[in-house]
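Only one structure is covered here, and it is reproduced in the block below.
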Amino acid sequence: MTQASAPVFDEMHSDGATRAPYALIDAWLQALPPEHVALKRREAEEWFRRIGITFAVYSEGGDPERLIPFDLIPRVLAQSEWQRLQRGLEQRVRALNAFIHDVYHDREILRAGRVPQQLVLGNPQFRPEMAGFELPRRVYTHIAGIDLVRTGPDQYYVLEDNCRTPSGVSYMLENREVMLRLFPELFRRASVAPVAHYPDELLETLRSVAPVHCRGEPTVVLLSPGIHNSAYYEHAFLADEMGIELVEGADLIVRDDICYMRTTGGLERVDVVYRRIDDDYIDPLAFRENSLLGVPGLYFAYRAGNVNLANAIGAGIADDKAVYIHVPEMVRFYLGEEPLLANVPTFDCRKPDDLKYVLEHLHELVVKEVHGSGGYGMLVGPHASSAERAAFAAQLRARPHEYIAQPTLALSTVPTFVENGIAPRHVDLRPFVLTGECTRIVPGGLTRVALREGSLVVNSSQGGGTKDTWVLENDKGLD
Amino acid sequence: MLARTASNLYWLARDLERADYTARLLLSAAHLSAVRADGDRDSEWRAALAASGSSLENADSTRVVRYLAFDSSNASSIVSCLENARRNARAVRTALTVDMWDAVNGTWLELRSFDPAKMDEDRLSAFLDWVKARTGLFHGAYASTLLRTDGFRFTRLGQFLERADNSARLLAERVSASLSTSDAQNIDDQAALAVLRVVGARRAYRVFYKGRVAPRAVAELLMLRPEFPRSLVYCFEQITQQLAEIRDQDPRQSAECKRLAHLMYAQLRFGRIDDVLDAHPTARLRDLIARIGEISAQVARGYCF
């Protein structure tokens, strides 16, 4: 395990030399006049404002529609590097889907004692309503976002699995779009694997999981909480790209367990709902009754096999941060294979020994709330004050089962434009794995970058930015 | 199409049409108050306020400009209309063409560069001209890029219902009082001139009428001239045409708004100005405004807005 003090792997420059995949980028940066950079950065920002790609940050004053900072220097992966990741991602998501199916059916993994029963059955993300329900193709997480970090040339770790409603794919697509506009000459010299077909792949995935009672061509819609949701731009963007209706809860209605949308010409039947609303809010009759976002009766239409939801209700059981600890075991248990992608070594604070260690080493660990997300409710030990650590320790002792802890990995860095020039900044990677009649992964994913010097937190709600992510079609980096 | 999408497109077009109308009212007030012979500079601003369907205590030029152009608590001020239009456009991104979105979003982005606190006369005119240009850009963008399906029809429906309402209010507030008097005058009627200025129809007037500008002729131009694109009859020709083309699966649902719109169109199409206004022009115009309001309400009901 690598500590923060360990040498940091820079993906462009390592051991005093430029790594092969970055040869073109390196030459390009050296030839790029500084005033040109400022101009291009302004152009990029104008482009993002014009298309309206913004991100709302909750409970914060100022501009309600903030741009996520975009960095012009691409993050590059060689084809061989990507191939390895791709196999690992496919394997991991296959195991996650098998696990979710299992816990809602025979619970073999629990009976075999490989995953603690209480962790699953007592988990708020476990939905007893889903027990015994057969889903089309047995897929639960149709769209998974797997967060990866890197610490060395061959060291990748999965930081977390997002099995519910992962977002960010619109940034992957728009980042590429803006790079193509700003630097077309760069793409003529490099052979970069395209990503623009993601919406087609997504639509095919969704159409391939039509419910059992669907006759003919399935009608797919995207269900959004509406314009106040932080990811609304993405919802509109994906619906537009797929050519499907973008609906809100009030646009859908369930009658006799059949889901319809309200159109100016009457009711029209809906078969597959790509929903970007959490389980809790999706149906006030079945779950949280005061939800105004959801569709009354949708769950019953789902159970009747008249509509399918992507992702499935209850898929969140697989992305709980304490369940995460057991994913490598799931790979072995369901697939009989060794995991190709490693977990970050993780301390489970519900275990007394682990808790003791965590409390003694708070200054070098990252502690996360099991149910938290978006970088909220976490402590980055090395960067926290002793008062912050003491306060967190008290919370830990009071509710140890709500926390896990991980060593602060020396995340790899990629050169990034900063205030005065170019400097290395830490990055992660979120590839998007689509599962329907087959598994599809668009090469690359979303690279998030921590823009503050030394910061390891890449979340956009915490001042992170994004980069275009290149997977080279060949391994030379230059044609 | 989704009923909510139809409603958003309809209101998007209404808000932008209204922003354009309000900008025209203010531009005309600014011009006429400067050239007014009797020195009562505030009366033109008060007239603009009335023609927008609003009222305000102690109305003077500063207050009227602030209220009609920049007051975000006034739901029909120019900035509110542009904000609402952007909000509606965002909610139906998938139903807009890229050019339409650029027109609305670009307007909203540029809106921030105008500082209401620094509005002197020059800057105000520049701002109002900009509003006219931007709304014109939107109208051009949708006319030349949007598919002729229901989305287009609801957009157009919103635009022309709003325009009909605006034209009717303009007449009711500015010239209805002088309509009962005789037309034999040897000077241009100032209020009638103001109306022509707002709708940009001084030249159009000359095409159809000779002599001094007279209130009754201006009323005829704005109500019954099918060639004039801001006349009520032109608006209702558009409205009835869109209503006929919208694809209904349940015609009973939208029957009432169609009936009312066609009735209105027939009266405007075949009526004469003396019949339409009879002896009580103010009352007749008020009646028209109320009927346009009822048609809007029936459209919302008929298409489940």
Side-chain angles (χ1 to χ4, degrees), chain A residues 45-56 62-65 67 170 174 177 199 203 219-253 260-270 274 295, chain B residues 1-10 12 83-84 86-113 147 149-155 157 242-243 245-254 257 299-305:
Chain A
E45 184 173 334
E46 270 162 29
W47 166 254
F48 285 128
R49 283 234 182 258
R50 227 190 85 207
I51 60 173
I53 184 164
T54 55
F55 178 86
D63 192 349
E65 290 181 20
L67 288 179
S170 56
E174 294 288 12
E177 182 71 21
L203 185 58
T219 300
V220 183
V221 298
L222 194 158
L223 174 61
S224 165
I227 61 169
H228 301 295
N229 186 268
S230 65
Y232 177 74
Y233 171 80
E234 176 156 309
H235 306 162
F237 174 86
L238 288 175
D240 201 13
E241 291 282 318
M242 289 190 281
I244 64 175
E245 289 287 0
L246 174 65
V247 301
E248 295 176 19
D251 298 326
L252 297 182
I253 182 172
Y260 301 93
M261 58 180 152
R262 297 177 210 263
T263 75
T264 52
L267 298 179
E268 195 176 313
R269 186 163 173 163
V270 169
Y274 174 27
V295 185
Chain B
M1 74 187 303
L2 280 182
R4 183 174 52 83
T5 307
S7 157
N8 282 327
L9 285 170
Y10 169 88
L12 167 61
E83 289 275 352
N84 287 339
R86 163 60 164 44
R87 196 170 308 125
N88 276 313
R90 242 190 121 207
V92 288
R93 270 299 282 273
T94 53
L96 302 184
T97 64
V98 174
D99 288 358
M100 288 167 76
W101 168 253
D102 273 353
V104 179
N105 190 49
T107 303
W108 182 80
L109 291 173
E110 234 178 284
L111 180 61
R112 301 168 181 201
S113 62
L147 287 179
T149 54
D150 285 350
F152 175 84
R153 292 167 197 136
F154 280 106
T155 309
L157 189 58
Q242 305 315 321
L243 286 173
E245 286 178 9
I246 288 168
R247 196 177 52 105
D248 293 313
Q249 277 171 358
D250 182 0
R252 280 168 305 174
Q253 204 180 247
S254 53
C257 68
V299 164
R301 203 163 303 153
Y303 296 100
C304 318
F305 283 10

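In what follows, every chain begins at residue 1, and chains take the letters A, B, ... in the order their sequences are listed.
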Distance in Å, A:Leu246 CG paired with B:Arg4 CZ, rounded so as to fall on 0.5 Å steps: 6.0 Å
Smallest separation among heavy atoms of B:Thr5 and A:Glu245, with atom names: OG1-OE1, 4.4 Å
Interatomic distance, B:Arg93 atom CZ to A:Phe237 atom CZ [nearest 0.5 angstrom]: 9.5 Å
Shortest non-hydrogen contact from A:Tyr232 toward B:Arg90: OH-O, 2.6 Å
Distance in Å, B:Asn88 CG paired with A:Ile227 CD1, rounded so as to fall on 0.5 Å steps: 8.0 Å
Whether B:Asn105 side chain and A:Arg49 backbone form a donor-acceptor pair below 3.5 Å: yes
Which atoms of B:Leu2 approach chain A - backbone, side chain, both or neither, heavy atom under 4.5 Å: both
Chain B contact via A:Glu241 - which portion, at a heavy-atom distance below 4.5 Å: neither
From A:Leu238 atom CG to B:Thr94 atom OG1, the distance as rounded to the nearest 0.5 Å: 11.5 Å
B:Arg247 atom CZ, over 12 foreign heavy atoms within 6.0 Å: no
